[in-house]
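Structure first, then comments.
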Amino acid sequence: MAQFATPISSMDSAAALCLVLILATTIASPAVDAQQTNNVGCITSERDALLSLRAGITSDPRNLFSSWNGQDCCQWSGVRCNNRTGHVVKLDFRNNLFLDDIYRSWYSENPHGMRGNISSSLLALHHLEYLDLSGNYLGGVGVPIPRFFASFQSLVYLNLSCMDFDSKVPPQLGNLSRLLYLDISNIWNPNRYSMHIKDISWLLCLPLLRFLDISGVDLSAIDNWVQAVNMLPNLRALHLRNCELVFPHTPIVHSNLTSLEILDLADSGFHTINPAYWFWDVGTIRYLDLTNNEISEAFPNAMGNMTSLEVLRLGGNNLAGVKLKVLENLCNLRVLTLWSNQINQDISQFMEELPHCAWSKIESLDMSLTNLTGEIPKWINQWTDLSILQLSSNRLEGPVPPELFKLEKLKQLYLDGNYFNGSILEEHLATLVNLEELDLSYNSLHMMISSNWIPPFQLHLAYFPGCKMGSHFPLWLKGQKDIIYLDISDAGIVDNLPDWFWSVCSNVIYLNISFNQISGRLPKTLEFMSSAVIFDLNSNNLTGTLPKLPKQLAELDISRNSLSGPLPQNFGGPLLEDLLLSENSINGTIPIYICEMQLVVLDLAKNFLVGHLPRCSEGTTKLSRSISALVLNENSLSGEFSSFLESCSQLVLLDLAQNNFVGELPTWLADKLPDLSYLLLRHNKFSGSIPVQLTQLGHLQYVDLAYNRISGSIPRTLANLKAMAQETESLGNPLRWTYERPANPDTNDSPKYSDSLAVVMKGQYLDYTGNIIYMVGLDLSCNRLVGEIPDELTSLVGLNNLNVSHNQLSGRIPEKVGLLRLLESLDLSYNEISGEIPPGLSEITALSRLNLSYNNLSGRIPSGNQLQSLIDPESSYIGNNYLCGPPLSRNCWEPDATGGDIDEQQQEAKYFYVGLVAGFVFGLWLVFIIVLFRTCAGSARSGAVPSRWTRLPQGLELQLSRG
Ligand SMILES: *[C@@H]1O[C@H](CO)[C@@H](O)[C@H](O)[C@H]1NC(C)=O
Ligand SMILES: *[C@@H]1O[C@H](CO)[C@@H](O)[C@H](O)[C@H]1NC(C)=O
Ligand SMILES: *[C@@H]1O[C@H](CO)[C@@H](O)[C@H](O)[C@H]1NC(C)=O
Ligand SMILES: *[C@@H]1O[C@H](CO)[C@@H](O)[C@H](O)[C@H]1NC(C)=O
């Protein structure tokens, strides 16, 4: 959880950015700064060109165009003219992407980006030297970088990064022979990889280039990129992050890149740091980024010669045990990031090996998730320049040495996910005047801080989940007015939420106070929290009604609290995607307002809601286009199966269980909800028969229609339920979220690096994800079904749970029932099923619950492996007058041997069973309780950080994790 919330402003990236900015401005200044606007006014044709540009922009969230009034276009914002000629020389519409924006854009793209398209009339700006449109969504699927950009012959600076362009990069860019700066990187948008270059020879026409960034553009078709880049002798910064690079087999003999200072080859699938690679003889490199590659070798000796190196980023590789001796001459090293490697060392031993000449210069050390052990050495106080120390998710132990707190420059201290113990006292923290980010989560640390303490720092990030903060609310937070990320979940707080809390948090992006016993009334509105994206308040004692929500909020969880009253008619939060309010006391109806929300998950389970589902207007609404999980179980909702659902084509999970819905199940499910995977309609009053069309739902994996009034027979087309006809493992997860098992079980509780921008699917929803998501089940029990159990059922080999009990089914148990190898629970009880029990039943090795009681089964009970080990085996079979053999005490009669009268024996059996009924009822209860227990146990939160849910494509996550 902590991951995404780590602001990007870490020292190394800041340093790199500075460098880049310096480059950029030195490049740009000779051309532009000398040409301040004067009163020459602007040229009419150019003004018209700008107006056409504006006409193509459909949305301008930053209101850039609001200043575009009057005739003198040189005065318009983003526009600069040459003060002698009046020609437009600079257009700057840059929309800076900071991590916070990226984080928000995760939900709704960058809210500040312009949208629309770029008018080719811009070409009238013949004298343009500087063009920056970065971060504005002026591309789109199928829209490449416009070719006409190649006609701006005077351009020295071109920045088209993060604009959502697609397909081929026009080779015509090679015409821009004066370019010093070219950025067409495409990292932060959903259509990554869609941009590609198949022939890079045009690069040779840009010999003046000093800065080149083509990150995120697919270069996989090119094997000569190294040669091409080597023809750019002026290059100072080269960013080829995530380009699907093909590495050359033979190294470059002679490197031309004698001025290269920044080299970014992150996310490149690199296997080795081979000194033979072309860049190693560049002794000028100051910044080397090899993050997220597959490097597993030790540092090559040649690295020892890279004495200019200041920033070395090797996070997210497979380094195992690093010999740092090689680096002993890297006396300029300021930043070292090695997160997510296997260092497997004692931390003092590791630190001891870092170049001594750099000890007092190192500003940033990120060793998170590297399997470091031992205690932080006291002599860490010699690292006097240390400002960022990230030691998250290791196996460090012991107390945090007071010497660490003497490092006055510390800005970011991440100690989360270790085995530190002892207390953090206010005198420890009192020296850290520069502290901005503090993460002490998930250790065994006590915070011993008195209520009147006033910290000397202003935190931006304060993470204390799992810390023992004391039962009182941490009053020292009161002064922390800059706080952006706050997590005090599971901190043992049993107190009222103080009045000042919401105003102190008015700038938060992420707020988590869940799993405490915090009480207090929610304010009427939280709209003033204009930056808030995630609120997690679940499992507390909060009261009041649902407040009016902040504008940017994407995720809200107030499950398991004591909210009451109806949902307001309009509760704001137009960008909300996940709304989780289960287990409160909310009453009234579901307001029609939600029809216009873009919710993906709506969970209102276990409240007191009444009435129909909202009757959203005909056709699709925002909600129907976005909703993927609709969870409304255990309310008192009523009405027929809502036709509103017909337009919810993204629906994967529908839970209407335990309400008062009536009417027939619709025949349009397969047509309209093709992705439906989980359908839970238990305990309603649905009637009619099971529509044949239901079996056309290829993703349907869990169906619970129990306790309704469904009649007719079980459709023979069941075999069409493809998702049930295969083993779960092969199913993949149909939900949009993917579950990532942590690579290292040791780090279970600190999934920081495995999922970074984790979307936390909590509360009720986690119950599903944890429990049902991998379950394949069919429960038709307690209805009025008649006819046979179709043989086709046995093709649903993925089934874990099959329950058709308490119906009026007849005929035989399908002969091939033994094919259902994964069945854990089979319940056919209380029907009129006859014939013998197929011997194949004993082959179902997974079976732990079997109930065939109260049917008309006959013959010998098959024996065999699993059947022998069932709990209370007798109760599985009672109520079948003609069954015999163990575990029933009734022997199988050999009619010839005894000559006994069958009727007499039946009579006998009857009395025998009457006597057993009491025992059976008890047995049934036992089974019921076991079921209940299983369900509850299975749905318990899987650890306090339910954050293994990611919605990002792989690759992006680790980039985000460390800028
Ligand atoms: C143009 O602007 C530059 C920089 O502000 C200034 O030095 C120069 O004098 C100006 N030239 C004219 C003609 O105004
Ligand atoms: C170095 O760059 C120059 C000029 O761009 C080029 O002519 C030369 O071939 C390059 N050398 C190598 C080894 O690529
Ligand atoms: C390091 O540089 C020195 C002097 O330039 C050179 O002699 C030596 O071979 C280099 N070492 C490696 C391992 O490349
Ligand atoms: C962590 O390091 C220890 C040695 O300190 C090693 O025995 C262990 O296997 C490592 N654990 C992992 C998961 O690599």
Side-chain angles (χ1 to χ4, degrees), residues 173-180 182 199-212 222-238 240 245 247-261 263 276-285 294-298 314-324 338-353 367-377 391-398 417-420 442 740-754 948:
L173 290 181
N175 291 350
L176 303 174
S177 59
R178 295 194 195 173
L179 274 187
L180 302 180
L182 177 61
D199 178 358
I200 202 165
S201 47
W202 55 268
L203 212 50
L204 307 186
C205 308
L206 309 176
L208 304 179
L209 270 190
R210 294 197 213 166
F211 179 101
L212 177 62
I222 300 177
D223 58 6
N224 65 342
W225 62 272
V226 175
Q227 282 90 339
V229 167
N230 202 34
M231 299 294 212
L232 305 174
N234 295 309
L235 217 52
R236 299 205 184 155
L238 176 60
L240 295 173
L245 293 176
F247 285 93
H249 294 298
T250 49
I252 282 277
V253 187
H254 172 70
S255 167
N256 257 343
L257 303 179
T258 50
S259 311
L260 199 63
E261 294 181 18
L263 179 59
Y277 273 115
W278 58 289
F279 50 83
W280 292 130
D281 54 339
V282 180
T284 47
I285 293 184
E294 286 151 34
I295 299 167
S296 54
E297 308 186 328
L314 286 165
N317 277 289
N318 305 324
L319 296 170
V322 206
K323 282 206 225 81
L324 294 168
L338 282 171
W339 53 264
S340 192
N341 281 288
Q342 295 297 308
I343 305 299
N344 304 349
Q345 246 179 349
D346 182 89
I347 185 170
S348 347
Q349 202 186 340
F350 171 82
M351 289 176 61
E352 176 69 37
E353 284 179 16
M367 297 299 299
S368 305
L369 207 75
T370 51
N371 191 19
L372 286 180
T373 51
E375 301 192 11
I376 298 180
L391 297 173
S392 315
S393 307
N394 281 295
R395 300 192 292 143
L396 299 170
E397 58 195 17
N418 282 289
Y419 304 109
F420 290 118
Y442 304 111
E740 290 196 346
R741 284 161 211 286
N744 177 356
D746 265 341
T747 59
N748 248 349
D749 49 351
S750 296
K752 195 166 166 184
Y753 292 88
S754 54
R948 292 186 226 296

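Worth knowing before you read on, the calculation uses all heavy atoms, side chains too, and leaves out hydrogens, waters and symmetry mates. Read the numbers this way: they start at 1 and go in the same order the structure lists the ligands and their atoms. All values derive from a computational prediction rather than experimental measurement. Along the sequence shown, the residues carry numbers beginning at 1.
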What's the shortest heavy-atom distance between Arg395 and Thr373, and which atoms?
-> NH2-CG2, 3.5 Å
Would you please say whether a donor-acceptor pair under 3.5 Å links the side chains of Asn394 and Thr370?
-> yes
Compare Leu257, Leu232, Asn256, Asn234 and give the one whose heavy atom is closest to atom 4 (C) of ligand 2.
-> Asn256
Out of Ile343, Asn371, Asn344, whose heavy atom sits nearest atom 1 (C) of ligand 4?
-> Asn371
Leu235 and side-chain contact (heavy atoms from CB on, under 4.5 Å): which partner among Leu260, Asn230, Thr258?
-> Leu260
Do any nitrogen or oxygen atoms of Thr373 come within less than 3.5 Å of a nitrogen or oxygen of ligand 4?
-> no
Which one holds for Gln345 and ligand 4: side chain close, backbone close, both close, or neither close, with close meaning a heavy atom under 4.0 Å?
-> neither
Given side-chain contact (heavy atoms from CB on, under 4.5 Å), test Leu209 with Leu203 step by step and report yes or no.
-> CA-CA 9 Å; Leu209 270 190; Leu203 212 50; 4.3 Å; yes
